[in-house]
Amino acid sequence: MRRWSANQEISFSCLPYGTGQADQGVCLLLQVGDYRILLDCGLEDLSDLKQSPVVDLVLCSHAHGDHARGLLSFHQSYPQVPIYTSEITAHLLALLWPGQTIHDLSQELPWRLPFKVLDDLTVELFPAGHIPGAAAFLLTYQTKGRSYKIFYTGDFCLSNFQLVDGLSVEPLRGLNPDILILEGTYGTNRHPHRRQQEKTLMEFINSNISRGQSIAFFVNTLGIGQEILKLLRSHHQFTGRELDIWVGGEQLSRACDLYLEMLPQFPLAVQNFAKHQPLFWDERVFPKMRRITPDNQPKNYPYILLSDDPSTILKYCDQSWLILLPEQQKNIADLFAGLHCESYLLAEHSDGRNTTQLIHNLRPQHVVLIHGPSNYLKDLAALEELQNRYQLHVPSKLHQVELPIGEKFIQPTVVPTVSVYEGELNEVGSSIIISLPSLISSDTRWPFFAGTGIVEARWQGEELVIRGLQERELLLFNSENKSIEDLDCCSNCSHYRGQKCWNTKSPLYDFKVTPEGCCPVFEAVS
C-alpha cells in the first residue's frame with residue numbers, strides 16, 4: 001500500500017456547482033494552486049457560479065446537455081475566458097442551442113498532444129468513448145519542486161461502441177495522477193459485454209418485427225440514437241431486410257447530418273462501412289433509412305421509428321406499437337401513457353467493474369466520484385478494494401472538497417458506507433421465505449423494487465441476485481403467454497426445459513431458444 005503525507009505548500013480543491021445527480025448538470029470548479037479551472041458547465045442557472053471569482057479556463061468534455069448546456073451563457077458573460085474541447089465536440093455543441101448562431105465559442109485541441117494553456121499548466125486530451133468527441137483530460141501542473149497531475153474523465157466507457165472506440169487503458173496504465181475525478185453513473189452494477197447487449201437488443205427487435213409489430217425508440221438527440229441506427233444498418237439480422245427505418249425530430253436528424261460531416265474523425269471501421277453504403281439516409285439499400293418530413297411520411301407497416309421528440313411518437317404510434325426506452329430512462333414512461341412501453345439495455349457508460357478497473361490502472365491518490373445517484377456513488381466508495389488504496393470523496397453540490405497532496409495515505413474521516421441488512425432464510429414446505437428488517441423500505445429505491453410485490457431471483461456465481469419485477473414486465477409476460485399458448489411452439493413443447501431444447505431429433509437441440517420458437521419435430525406437452 002502506498003503512503004502519503006499531506007503537503008500544504010500548494011492547495012488543491014474541488015467545488016461542485018453541479019455533480020450530475022438528480023437533475024443537476026455537471027459543473028466542477030477545480031482549484032490548482034492559484035488557478036481556477038471549470039470542468040464542464042451543464043448548468044441551466046449560472047447564478048451560483050457568477051458569485052465566485054472569474055475562472056482562468058473551461059474544459060468541456062463532450063456535447064451532452066448535462067455537461068455543456070451552460071457554456072453559451074457562460075461565454076456571453078465571460079467572453080475573455082477560453083473554453084477548450086475536442087474538434088468533434090466543438091462541431092456538435094451547436095445542437096444544444098438550435099436557431100442560434102455560434103461563433104468562436106470554444107478552442108479545439110488535438111488528441112494526445114499536451115497543450116500549454118497557462119505558463120505552468122498543460123492539458124492533454126484522451127478519447128473517452130461514450131459519444132464521438134467525448135474527451136478525458138490530463139492536466140499537468142509544473143512547479144519548481146515537482147509536477148502534479150489531475151485526470152478528469154467526464155462521461156466515459158471502456159467498451160467499443162458502433163460509432164466510437166472506448167477509452168483505452170493502455171496509455172493510462174500507471175499514470176499515477178494525484179487526483180482522479182470520474183463518473184460513477186452505474187455505481188457497482190455489472191452489465192453484460194457490450195456486444196451481448198447489442199445482440200440481445202437486435203434479437204428482441206427481430207422477434208417483434210417478425211410478428212408484424214412496429215417499434216418506436218425514444219432516444220436522446222446525441223449518442224444512443226445514432227448507435228441504434230448503425231446497428232440496424234449493419235447487423236446480420238437486418239442487413240438486406242425489406243424494412244423501413246424512419247427518423248423523426250428535427251434535432252435528431254440534424255445530429256445525424258453533423259456525424260456525416262465529421263466522418264473523417266470517426267474510427268476507421270466506421271469510415272470503411274460508410275464507403276460501401278451510407279451511414280444514414282439510404283433509399284437504395286435495405287433496410288432503408290428515411291427522415292420524416294411533411295412530404296415523406298411513414299408507411300409500409302411494420303416499420304421502426306426513432307425520435308427524440310415525444311410528440312412525434314405520440315403522433316405516429318398507437319396501442320399496437322411497442323415503445324422502447326433506455327434502461328436508465330425507464331422512469332419517463334409516463335410521457336407515453338396508454339402505450340406499451342418496455343426498457344432495453346444499451347449502456348452509454350462503464351459499469352462498476354470497468355470503473356474500478358480504470359481506477360486500479362491509473363493508481364491515483366484522490367478519487368472524486370461524481371455523476372450518478374448518490375446511493376450508487378456511495379456503493380462504489382464503500383468497496384473495500386478502493387477504501388484500502390485511495391482517498392475517496394463523494395462531493396455534494398456547493399460543498400468544497402479539499403484535496404491535499406503528499407506522501408502519506410490519510411483516509412478521509414467520513415468514508416461513505418452502504419447499508420447492509422441482515423435477514424433470515426427459512427424453508428417452509430415447498431417454499432423459501434427470506435425475511436428482511438423493515439428499515440430497508442426507507443431507501444429511495446424501495447418503491448421501485450417492491451412496486452408489484454413480485455420478485456425474480458437468479459444465480460450470479462455463488463451469489464443469489466433478487467430484483468423486483470415492474471408492472472409493464474408482468475403485463476408483457478401475460479400478453480406473450482396468451483398469444484402463444486395455442487401455438488406449436490417451444491414453450492408448449494415437452495422437450496423445452498430451462499430455455500433449452502432437449503429433443504435430440506430437433507435442429508435446435510442443446511441450443512437456448514425463445515419460447516415462441518418452433519421446429520419440425522414439435523411434441524405437445526401432454
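Not measured: the values here are computed from a predicted model.
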>> With side-chain contact (heavy atoms from CB on, under 4.5 Å) as the criterion, how do T355 and L158 come out once you've worked through the C-alpha distance, each side chain's angles and the decisive distance to 0.1 Å?
In response: CA-CA 9 Å; T355 299; L158 301 189; over 6 Å; no
>> Please determine whether ring-ring contact (aromatic ring centres under 6.0 Å, His included) holds for the pair F336 and F218, giving the CA-CA distance in whole Å, both sets of side-chain angles, and the decisive distance to 0.1 Å.
In response: CA-CA 10 Å; F336 310 105; F218 178 65; 5.5 Å; yes
>> Would F137 and I150 count as a side-chain contact (heavy atoms from CB on, under 4.5 Å) here? Give the steps.
In response: CA-CA 8 Å; F137 297 96; I150 300 101; over 6 Å; no
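- To the nearest 0.5 Å, atoms CG (L201) and NE2 (H235) are separated by 9.0 Å.
- One finds the CG atom of N176 at 8.5 Å from the CG atom of L362 (value rounded to the nearest 0.5 Å).
- The side-chain heavy atoms of L49 and L29, taken from C-beta on, include no pair separated by under 4.5 Å.
- Checked against V368 for a side-chain contact (heavy atoms from CB on, under 4.5 Å), the options L30, L403, L182 give a single hit: L403.
- Atom-to-atom distance recorded for I131:CD1 and C157:SG is 12.5 Å, nearest 0.5 angstrom.
- For E384, the CD atom counts as loosely surrounded, since its 6.0 Å shell holds 12 or fewer non-hydrogen atoms of other residues, nucleotides or ligands.
- Using bins of under 30°, 30° to 60° and over 60° for the plane-to-plane angle, the ring pair Y78/F74 lands in the tilted bin.
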May I have the list of side-chain donor-acceptor pairs in residues 270-282 shorter than 3.5 Å, sequence neighbours left out?
residue, atom, partner, partner atom, Å
Q271, NE2, P264, O, 3.2
Q271, NE2, F266, O, 2.6
N272, ND2, L268, O, 3.3
H276, ND1, N272, O, 2.9
Q277, OE1, R233, NH2, 3.1
W281, NE1, D257, OD1, 2.8
D282, OD1, R284, N, 2.8
D282, OD1, V285, N, 3.2
D282, OD2, R233, NH2, 2.6

>> Working note: Y344 + F217, criterion ring-ring contact (aromatic ring centres under 6.0 Å, His included); need CA distance, chi angles, decisive distance, verdict.
In response: CA-CA 10 Å; Y344 64 93; F217 285 89; 5.4 Å; yes
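- Panel note: side chain D48, backbone Y17; no donor-acceptor pair is recorded below 3.5 Å.
- Counting heavy atoms from C-beta on, the side chains of Q251 and L95 come closer than 4.5 Å.
- With hydrogens and angles ignored, the 3.5 Å screen pairs a side-chain donor or acceptor of T89 with a backbone N or O of G133.
- In terms of heavy-atom proximity, L377 sits nearest to H371 at CD1-N, 4.2 Å.
- Counted by atom type alone, D309 and S311 present one or more donor-acceptor pairs between their side chains at under 3.5 Å.
- Contact annotation: the side chain of Q387 approaches that of L392 to within less than 4.5 Å [non-hydrogen atoms, C-beta and beyond].
- For the pair N354 (side chain) and S350 (backbone), a donor-acceptor distance under 3.5 Å is absent.
- No side-chain N or O of Q31 forms a donor-acceptor pair with one of Q400 less than 3.5 Å apart.
- Taking NE2 of H64 as the reference point, atom CG of L96 lies at 9.0 Å (rounded to 0.5 Å).
- Proximity of E348 to N220: side-chain heavy atoms (C-beta onward) are separated by under 4.5 Å at one or more points.
- The only option from F161, Y376, F156, Y186 that meets the ring-ring contact (aromatic ring centres under 6.0 Å, His included) definition with H349 turns out to be Y186.
- Closest approach of T312 to G248, counting heavy atoms only: CG2-CA, 4.1 Å.
- Using a 4.0 Å cut-off between a side-chain N of Lys or Arg and a carboxylate O of Asp or Glu, K50 and D45 do not qualify as a salt bridge.
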Scan the side chains in residues 32-43 for donor-acceptor partners under 3.5 Å anywhere in the protein, sequence neighbours excluded, and list what turns up.
residue, atom, partner, partner atom, Å
Y35, OH, D120, OD1, 2.6
R36, NE, P53, O, 3.4
R36, NH2, P53, O, 3.1
D40, OD1, S61, N, 2.7
D40, OD1, S61, OG, 3.2
D40, OD2, S61, OG, 2.8
D40, OD2, H67, ND1, 2.7
D40, OD2, Y152, OH, 2.6

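- R291 and E250 are not joined by a salt bridge, as no carboxylate oxygen comes within less than 4.0 angstrom of a charged side-chain nitrogen.
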> Yes or no on side-chain contact (heavy atoms from CB on, under 4.5 Å) for H360 and E385, after CA distance, side-chain angles and deciding distance?
Replying inline: CA-CA 9 Å; H360 291 323; E385 62 175 297; 2.7 Å; yes
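- The CD atom of Q226 sits 8.5 Å away from atom OG1 of T221, with the distance rounded to the nearest 0.5 Å.
- Contact of the F151 side chain with the L139 side chain is not registered, since no non-hydrogen atoms from C-beta on lie closer than 4.5 Å.
- Pairing each heavy atom of L105 with each of I102, the nearest pair is CB-CG2, 3.6 Å.
- Looking at K230 and E227, no side-chain N of the basic residue comes within less than 4.0 Å of a carboxylate O on the acidic one, giving no salt bridge.
- Between the side chain of H366 and the backbone N or O of H393 there is no donor-acceptor pair closer than 3.5 Å.
- With T122 contributing its side chain and K116 its backbone, the two residues share no donor-acceptor pair below 3.5 Å.
- Counting only distance, with no hydrogens or angles, the side chain of S396 and the backbone of H399 share no donor-acceptor pair below 3.5 Å.
- Summarising the geometry, atom CG belonging to L325 is positioned 7.5 Å from atom CD1 belonging to I313; distances are rounded to the nearest 0.5 Å.
- The closest side-chain donor-acceptor pair between Q51 and S47, if any, does not fall under 3.5 angstrom.
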>> Pair I292, V247 - check side-chain contact (heavy atoms from CB on, under 4.5 Å), show working.
In response: CA-CA 6 Å; I292 296 177; V247 177; over 6 Å; no
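- Here the closest non-hydrogen pair linking P82 and Q107 is CB-NE2, 3.5 Å.
- At distances below 3.5 Å, at least one donor-acceptor pair connects side-chain atoms of T85 with backbone N or O atoms of C60.
- A heavy-atom distance below 4.5 Å is found between the side chains of L345 and H191.
- Here the side chain of S77 pairs a donor or acceptor atom with the backbone of S73 at under 3.5 angstrom.
- The minimum heavy-atom distance linking P373 with T185 is given by the pair CD-O, 3.7 Å.
- When all heavy atoms of V26 and G20 are compared, the pair lying nearest together is CG2-CA, 3.7 Å.
- Side-chain atoms of E261 and H91 form a donor-acceptor pair, as typed in the model, at a separation below 3.5 Å.
- Between the side chain of E108 and the backbone N or O of Y84 there is no donor-acceptor pair closer than 3.5 Å.
- Of the possible polar contacts, one joining the D308 side chain to the L252 backbone as a donor-acceptor pair under 3.5 Å is found.
- Contact of the L358 side chain with the T153 side chain is registered, since non-hydrogen atoms from C-beta on lie closer than 4.5 Å.
- Between L231 and L346, the closest side-chain pair of non-hydrogen atoms falls below 4.5 Å.
- Under 3.5 Å, the side chains of S13 and E402 contain no donor-acceptor pair of N or O atoms.
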